[in-house]
Amino acid sequence: MSPNAASAHDDLPSNWGRWGEDDQLGTLNLIDDAARARAAAEVRDGTSVSLARPTSPTPLTTGLSPFGTPSTSPAPVMQTVNFNGFTPVATTDSLLVNTHNVGLTHLDALAHIPVDGRIYPGVPLADAVTPGGVRHGSADPFTRGIITRGVLLDLAPEGSPLTAEDRISGGDLDDALERQGAEVHAGDAIVVRGDWDLSASMTAPAPGLDLSAVAWLDAHGAALYVGDIGDAHPPTLPMPMHQVALGRLGMPLVDVAQLDDLARTCAYLQRWSFMLVLAPPRILGTTGLAVNPMAVF
């Protein structure tokens, strides 16, 4: 674990101060030229797989309220289609994106979760996040693109999904790594599959990682976490992934990934590592962005 303490919870791992008081990259600092070179070396035949779930927009008129939709919260993406001209010469659309919705694969920025009223690595929340946008800990650094080596840890191989009561430990991650014969390097992205659809219900119980799994990620130098599971529901405090991995370690999270295609490709190729490419839109000052991670073999 990292030696610094982020708050009164001095028994929890933290990277506050590790890369300076103004750092906005967090564990992405671990992705150096050597890490990108290892990623490039994983590309052998050019096979690529998306790690994002398909998301269909909801008409804006129904997406804002429970009327006309089974959801009681705003839809992940709401759409208005525009017809330009009395006899349209073009059609356009406007999208309202609810970034952190469980129906949308998205990348959490460091400003998403404060710790004791501060944003990683200790910036007061009022200084970091304003009604006019995010000044510190935004997704801006991610928009330059993230390229690193990814490793899939499949916790539900051969159609054996986790149960809602499962809590994933560091030992479980070790078991998956050993079962697949893979290895992890500092600066890698760890991709965890539980064969779970978090969007099925916003209130139903769900499995998740525990604090020992976060310690595992820290000890192995994980730069990024991608998963179809994250924090368990109902949550325990502190939330291991959002309040410790993201808030204290500064580890960006890709939430609500769709990993079935990746698991099938890895099993077919008998390769569990790949080049991972994320290229979020260059929209600045946000707490996160929708993203389409790509695994390239």
Side-chain angles (χ1 to χ4, degrees), residues 27-28 31 35-36 38-56 76 102-108 142 145-162 166 168 172-185 187-200 206-209 213 216-217 220 222-231 241 245 251-280 289-297:
T27 53
L28 296 186
I31 304 176
R36 284 184 284 269
R38 284 192 296 271
E42 294 287 345
V43 180
R44 302 174 193 173
D45 61 19
T47 300
S48 64
V49 181
S50 171
L51 279 57
R53 60 175 294 121
T55 300
S56 298
V102 295
L104 179 70
T105 303
H106 60 272
L107 179 58
D108 286 347
F142 308 159
I146 300 171
I147 300 174
T148 196
R149 179 174 176 269
V151 179
L152 173 65
L153 301 182
D154 192 352
L155 304 178
E158 300 177 357
S160 53
L162 299 179
D166 283 329
I168 304 306
D172 294 321
L173 301 182
D174 272 328
D175 290 344
L177 195 65
E178 182 178 359
R179 180 171 62 247
Q180 295 163 188
E183 59 181 4
V184 173
H185 301 280
D188 286 353
I190 302 300
V191 182
V192 174
R193 176 178 178 268
D195 192 11
W196 199 265
D197 183 3
L198 290 172
S199 71
L209 281 68
W216 188 98
L217 295 170
H220 285 76
L224 177 73
Y225 175 84
V226 182
D228 63 2
I229 59 171
D231 283 311
M241 296 307 296
M251 183 182 299
L253 309 177
V254 176
D255 283 336
V256 205
Q258 168 55 264
L259 303 177
D260 292 351
D261 290 344
L262 177 65
R264 283 190 288 268
T265 301
C266 287
Y268 175 75
L269 297 174
Q270 286 297 290
R271 292 176 52 196
W272 309 97
S273 55
F274 41 85
M275 182 169 73
L276 182 69
V277 180
L278 286 80
L289 290 167
V291 68
N292 182 12
M294 300 297 298
V296 187
F297 293 85

| task | For residues Ile168 and Leu162, determine if any side-chain heavy atom of one lies less than 4.5 Å from a side-chain heavy atom of the other. | result | yes
| note | Nearest heavy-atom contact between Ile31 and Gly187 is CG1-O, 3.5 Å
| task | Kindly determine whether Leu51 and Val254 satisfy side-chain contact (heavy atoms from CB on, under 4.5 Å), including the steps that lead there. | result | CA-CA 10 Å; Leu51 279 57; Val254 176; over 6 Å; no
| note | Correct closest heavy-atom pair for Gly103 and Ser199 would be CA-CB, 4.0 Å
| Donor-acceptor pair, Thr47 side chain versus Phe297 backbone, under 3.5 Å? | no
| remark: Interatomic distance, CG@Asp166 vs CH2@Trp196, rounded to 0.5 Å, equals 8.0 Å
| query | Taking all non-hydrogen atoms of both residues, which atom of Leu152 and which atom of Arg193 are closest, and how far apart? | reply | CD1-CB, 4.1 Å
| request: Decide yes or no for Phe274 and Val49: does some side-chain heavy atom of the first lie under 4.5 Å from some side-chain heavy atom of the second? | output: no
| said: Would you compute the distance between atom CG of Leu253 and atom NE2 of His106 and round it to the nearest 0.5 angstrom? | reply: 8.5 Å
| Could you go step by step and tell me if Thr148 and Leu28 meet the side-chain contact (heavy atoms from CB on, under 4.5 Å) rule? | CA-CA 10 Å; Thr148 196; Leu28 296 186; over 6 Å; no
| field | For Val102 against Leu198, the heavy-atom pair lying closest together | value | CG2-O, 4.0 Å
| query | Looking at Asp172, Val151, Leu155, which hits side chain to side chain contact (heavy atoms under 4.5 Å, CB included) with Val192? | reply | Leu155
| query | Is any side-chain heavy atom of Cys266 less than 4.5 Å from a side-chain heavy atom of Arg271? | reply | no
| remark: Rounded to the nearest 0.5 Å, the CD atom of Gln180 sits from the CG atom of Asp175 at a distance of 11.0 Å
| query | Can you name the closest pair of heavy atoms from Val184 and Arg149 and give their distance? | reply | CA-NH1, 4.2 Å
| message | Looking at Val256, is its backbone amide N or carbonyl O close enough to the side chain of Thr105 to form a donor-acceptor pair, meaning the two atoms are under 3.5 Å apart? | response | yes
| Rounded distance [0.5 Å steps], CG in Leu173 versus CH2 in Trp216 | 5.5 Å
| Between Val296 and Glu42, is any pair of side-chain heavy atoms under 4.5 Å apart? | no
| query | Counting distance only, does the side-chain N/O of Gln258 pair as donor-acceptor with the main-chain N or O of Asp260 below 3.5 Å? | reply | yes
| said: If the threshold is 4.0 Å, N to carboxylate O, is there a salt bridge linking Arg53 and Asp197? | reply: yes
| query | Is there side-chain contact between Gln270 and Tyr268, with heavy atoms separated by less than 4.5 Å? | reply | no
| task | Look up atom CG in Asp188 and atom OG1 in Thr27, then write down how far apart they are to the nearest 0.5 Å. | result | 12.0 Å
| request: Report yes if some heavy atom in the side chain of Leu259 is under 4.5 Å from a heavy atom in the side chain of Asp154; otherwise report no. | output: no
| Can you find a pair of side-chain heavy atoms, one from Phe142 and one from Val291, that are under 4.5 Å apart? | no
| query | Between atom CD1 of Ile190 and atom CG of Leu217, what is the distance when rounded to the nearest 0.5 Å? | reply | 6.5 Å
| task | Evaluate the side-chain proximity of Pro293 to Leu276: yes if any heavy-atom separation is below 4.5 Å, no if none is. | result | yes
| query | Where is the tightest heavy-atom contact between Ala156 and Asp195, given as atom of each residue plus distance? | reply | CB-CB, 3.6 Å
